[in-house]
Amino acid sequence: MQASKARLFKEYHEVQREKTADPDIQLVCDESNIFKWTAFVKGPSETPYEGGVFQLSFSVSDQYPLQPPQVRFLTKIFHPNVHFKTGEICLDILKNAWSPAWTLQSVCRAIIALMAHPEPDSPLNCDSGNLLRSGDVRGYQSMARMYTRLAAMPKKG
């Protein structure tokens, strides 16, 4: 437990120091619990998520960094590798390809990369995955853009 806390405090200080270094990611630690974090990631440019800001929830175990954090989208997103209802993310580094070299910040970068490059062959959202696998990129992008507008963009007015 002490090693995981020390690691998280180190990451917290790095995030504070580098706040402006990565404008696409804002990581925030829960003030009362170092094991709970929230991230706000900007949708990658030239994707249907562009212009959106997506909220992620991080739950870190006391085995971190030996075990990956549990990460899920709190913002609704139409993406083949994200469960539409729960926000669960299918990403190898959060499962069997985890390495203690990964940080919460680098996990956010990997999630942004996944947003830009979906993997329709291992879908958690079958509707989204089926659109891409059948070659209906326009249909997928249209749905993803619609949900980005509805859930991840500030309301006007």
Side-chain angles (χ1 to χ4, degrees), residues 4 7-8 11 15 18 21-30 33 35-157:
S4 58
R7 167 70 180 261
L8 288 167
E11 288 191 37
V15 165
E18 297 175 14
D22 197 338
D24 295 336
I25 300 168
Q26 180 189 359
L27 256 172
V28 182
C29 178
D30 183 310
N33 186 348
F35 295 101
K36 301 282 182 207
W37 293 64
T38 302
F40 298 90
V41 297
K42 289 184 182 173
S45 61
E46 298 180 32
T47 72
Y49 311 108
E50 183 174 14
V53 176
F54 297 84
Q55 186 175 358
L56 302 167
S57 162
F58 281 74
S59 182
V60 183
S61 84
D62 60 5
Q63 298 299 305
Y64 181 81
L66 300 177
Q67 289 182 353
Q70 289 184 319
V71 187
R72 65 187 186 93
F73 276 88
L74 296 179
T75 306
K76 288 280 182 221
I77 183 170
F78 187 78
H79 188 284
N81 308 112
V82 180
H83 192 285
F84 190 73
K85 286 193 167 88
T86 66
E88 178 190 351
I89 303 166
C90 181
L91 182 60
D92 61 352
I93 64 151
L94 295 175
K95 308 273 190 275
N96 57 349
W98 174 256
S99 159
W102 287 92
T103 64
L104 301 182
Q105 183 92 2
S106 59
V107 167
C108 289
R109 283 193 205 101
I111 290 170
I112 291 171
L114 182 68
M115 291 169 75
H117 305 284
E119 296 287 342
D121 291 331
S122 63
L124 282 174
N125 178 331
C126 290
D127 294 335
S128 177
N130 288 341
L131 284 171
L132 284 175
R133 281 200 307 256
S134 69
D136 189 358
V137 175
R138 178 188 255 169
Y140 157 75
Q141 289 182 338
S142 174
M143 289 292 290
R145 252 193 309 276
M146 179 187 79
Y147 277 102
T148 298
R149 282 195 200 108
L150 289 172
M153 290 183 163
K155 310 285 184 267
K156 292 188 173 96

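Scope of the values below: all heavy atoms of this structure, side chains included, with no hydrogens, waters or symmetry mates.
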Are [X] and [Y] close enough that some pair of their side-chain heavy atoms sits under 4.5 Å apart?
{"X": "F54", "Y": "I111", "answer": "no"}
{"X": "R72", "Y": "L74", "answer": "yes"}
{"X": "L91", "Y": "N81", "answer": "no"}
{"X": "R109", "Y": "D22", "answer": "yes"}
{"X": "S128", "Y": "Y140", "answer": "yes"}
{"X": "W102", "Y": "Y64", "answer": "no"}
{"X": "K76", "Y": "L150", "answer": "no"}
{"X": "I89", "Y": "L56", "answer": "yes"}

Decide side chain to side chain contact (heavy atoms under 4.5 Å, CB included) for V15 and I25; before the verdict, give the C-alpha distance in whole Å, the side-chain angles of both, and the deciding distance to 0.1 Å.
CA-CA 10 Å; V15 165; I25 300 168; over 6 Å; no
Which residues pass the salt bridge (Lys or Arg N to Asp or Glu O under 4.0 Å) test with R149, not counting sequence neighbours?
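Applying salt bridge (Lys or Arg N to Asp or Glu O under 4.0 Å) to R149 gives none.
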Shortest non-hydrogen contact from [X] to [Y]?
{"X": "I112", "Y": "P44", "value": "O-CG, 3.6 Å"}
{"X": "C108", "Y": "A39", "value": "SG-CB, 3.7 Å"}
{"X": "P48", "Y": "T148", "value": "O-OG1, 3.3 Å"}
{"X": "E50", "Y": "M153", "value": "O-CE, 3.4 Å"}
{"X": "I93", "Y": "A110", "value": "CD1-CB, 3.7 Å"}
{"X": "P118", "Y": "P80", "value": "CB-CG, 3.4 Å"}

Rounded to the nearest 0.5 Å, how far does [atom2] of [Y] lie from [atom1] of [X]?
{"X": "C90", "Y": "D121", "atom1": "SG", "atom2": "CG", "value": "11.0 Å"}
{"X": "M143", "Y": "D127", "atom1": "CE", "atom2": "CG", "value": "7.5 Å"}
{"X": "D136", "Y": "Q141", "atom1": "CG", "atom2": "CD", "value": "9.5 Å"}
{"X": "R145", "Y": "R138", "atom1": "CZ", "atom2": "CZ", "value": "9.5 Å"}
{"X": "I77", "Y": "N125", "atom1": "CD1", "atom2": "CG", "value": "10.0 Å"}
{"X": "C126", "Y": "F84", "atom1": "SG", "atom2": "CZ", "value": "13.5 Å"}

Please assess N96 against D92 for the test side chain to side chain contact (heavy atoms under 4.5 Å, CB included), listing each intermediate value before the final yes or no.
CA-CA 6 Å; N96 57 349; D92 61 352; 4.0 Å; yes
Return the orientation label for the H79 and Y49 ring planes: parallel under 30°, perpendicular over 60°, tilted otherwise.
tilted
Tell me, with the steps shown, if Q26 and V53 meet side chain to side chain contact (heavy atoms under 4.5 Å, CB included).
CA-CA 10 Å; Q26 180 189 359; V53 176; over 6 Å; no
Start with the C-alpha gap between Q55 and T38, add the side-chain angles, then the distance that decides, and say whether side chain to side chain contact (heavy atoms under 4.5 Å, CB included) holds.
CA-CA 7 Å; Q55 186 175 358; T38 302; 3.3 Å; yes
May I ask you to check whether over 12 heavy atoms, not counting those of K95, lie within 6.0 Å of atom NZ?
yes
For a side chain to side chain contact (heavy atoms under 4.5 Å, CB included) with K36, tell me which candidate from D30, V28, V60 qualifies.
D30
Residues passing the side chain to side chain donor-acceptor pair (under 3.5 Å) test with S45, sequence neighbours excluded, are none
Checking E11 side chain against L104 main chain: does a donor-acceptor pair fall under 3.5 Å?
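The answer is yes, because a donor-acceptor pair under 3.5 Å joins these two groups.
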